[in-house]
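Working notes for the structure below.
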Amino acid sequence: MTMDLFEHSPPEPWAESLCEGAVVLRRFASVSGAELLAGIERVTAQAPFRQMRTPGGHIMSVAMTCCGDWGWVTDARGYRYQHQDPVSGDPWPAMPEVFRTLAVEAATKAGYDDFEPDSCLINRYSPGARMGLHQDKNEDDFGQPIVSVSLGAPAIFQFGGLRRGDRPQRVPLEHGDVVVWGGPARLRYHGVLTLKVADHPLTGACRYNLTFRRAR
DNA sequence: AAGTTTCA
DNA sequence: CAGC
């Protein structure tokens, strides 16, 4: 006879090291997934998802929006953080408290005790969307880590080295997984492979990614 | 410049 | 050789 106490217990989060300074916290956000999705809805009511243009003139396949004091934007003038949403001209929506709490707890669990995020980039991946290898280097203080929360459909995260040519690790990410990188890993290249068709109970075919950083 | 990029 |  099976012990259904075990079958119905929430899975315990566990950690996997990617390299010095980087860790995946598996299922870390799973219990608060629905609250985080409600937070996304609150933000996107004020700052809807949009597909931004790169300086090279291409439209990104990932739809983005932001919340917090600073939002990351890209257009023909380049990459930068802005206090205002360029679509509305209004300041970005406030960062939901459940977002901040999760980000700080994840950073602490990963060994970064003084994380004070002032920016959250929200990425929506539909099937076929991808994110090319890049570095997060528009921030002023590389002493603060990056915290990346996966929600909904699964994806393959590419986690590379400090040079573009370094072969990336392929890291499967599921709903509730949180990747934290900082210190010697802060400027590692990373990206996301093309999202496959999937069906998640909370998000359907979409994957959402919350990326927390200290911009200024 | 966060797009795409390898010859089979 | 697995995976794209």
Side-chain angles (χ1 to χ4, degrees), chain A residues 16 18-19 21-22 24 40 43-44 47-68 70-87 92 103 117-142 144-174 177-182 185-198 205-216:
Chain A
E16 297 174 9
L18 294 178
C19 68
V24 190
I40 292 173
V43 168
T44 57
F49 283 110
R50 80 293 305 266
Q51 286 177 264
M52 293 193 281
R53 185 180 299 273
T54 67
H58 298 98
I59 302 297
M60 298 180 75
S61 59
V62 177
M64 301 176 159
T65 188
C66 304
C67 62
W70 299 96
W72 185 86
V73 298
T74 175
D75 60 20
R77 308 196 336 256
Y79 304 149
R80 64 194 177 278
Y81 283 95
Q82 274 194 185
H83 184 60
Q84 291 91 4
D85 177 353
V87 170
W92 295 104
D118 61 2
S119 175
C120 174
L121 177 59
I122 306 175
N123 295 144
R124 184 187 65 197
Y125 294 76
S126 296
R130 55 158 293 167
M131 179 75 72
L133 272 187
H134 66 280
Q135 294 171 298
D136 287 12
K137 59 178 184 183
N138 300 116
E139 301 76 26
D140 288 345
D141 180 7
F142 297 144
Q144 298 237 8
I146 301 290
V147 173
S148 173
V149 178
S150 292
L151 297 171
I156 307 293
F157 183 59
Q158 289 189 295
F159 195 68
L162 297 177
R163 294 168 305 193
R164 182 179 281 282
D166 296 339
R167 289 318 160 214
Q169 306 174 57
R170 291 173 163 210
V171 184
L173 295 180
E174 296 181 28
D177 291 347
V178 181
V179 187
V180 182
W181 65 98
R186 176 61 179 73
L187 290 174
R188 281 190 178 241
Y189 279 86
H190 55 282
V192 176
L193 295 184
T194 304
L195 201 81
K196 298 200 291 195
V197 175
C206 286
R207 169 177 187 263
Y208 295 94
N209 180 67
L210 310 177
T211 307
F212 297 90
R213 47 291 275 284
R214 182 76 190 188
R216 314 297 290 268

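Labels below follow one simple rule: chain letters A, B, ... track the order of the sequence lines, proteins then strands, and each chain is numbered from 1.
- For the P atoms, the distance from B:dC7 to C:dG3 is 22 Å, rounded to whole Å.
- In this structure, A:Arg53 reaches neither bases nor backbone, as no heavy-atom distance under 4.0 Å exists between it and the strands shown.
- A perpendicular orientation is assigned to the rings of A:Phe159 and A:Trp181, their planes being inclined by more than 60° (bins at 30° and 60°).
- Looking at A:Glu139 and A:Tyr81, their side chains do bring a donor and an acceptor atom within 3.5 Å of each other.
- Taking atom CD of A:Gln158 as the reference point, atom P of B:dG3 lies 11 Å away to the nearest angstrom.
- A:Arg170 has its CZ atom 14 Å from the P atom of C:dA2, to the nearest Å.
- Computed from coordinates, the A:Ile156 CD1 to C:dA2 P distance equals 17 Å when rounded to whole Å.
- Atom CG of A:Leu193 is separated from atom C1' of B:dG3 by 15 Å (rounded to the nearest Å).
- Counting only heavy atoms from C-beta outward, the side chains of A:Met131 and A:Tyr125 approach each other to under 4.5 Å.
- Within the 4.5 Å cutoff, no side-chain heavy atoms of A:Val62 are placed close to those of A:Arg130.
- Distance A:Met60 CE to B:dG3 C1': 8 Å, rounded to the nearest Å.
- In this structure, A:Gln169 places its CD atom 20 Å from P of C:dA2, rounding to the nearest Å.
- Of the residues in residues 126-133 of chain A, those placing a heavy atom less than 4.0 Å from an atom of DNA chain B are A:Arg130, A:Met131, A:Gly132, in numerical order.
- At a threshold of 4.0 Å, the pair A:Arg214-A:Asp118 counts as salt-bridged, since one of the basic side-chain nitrogens sits closer than that to a carboxylate oxygen.
- Contact annotation: the side chain of A:Leu173 approaches that of A:Arg207 to within less than 4.5 Å [non-hydrogen atoms, C-beta and beyond].
- In this structure, A:Arg164 places its CZ atom 11 Å from C1' of B:dT4, rounding to the nearest Å.
- Separating the C1' atom of B:dT5 from that of B:dA1 is a span of 16 Å, rounded to the nearest Å.
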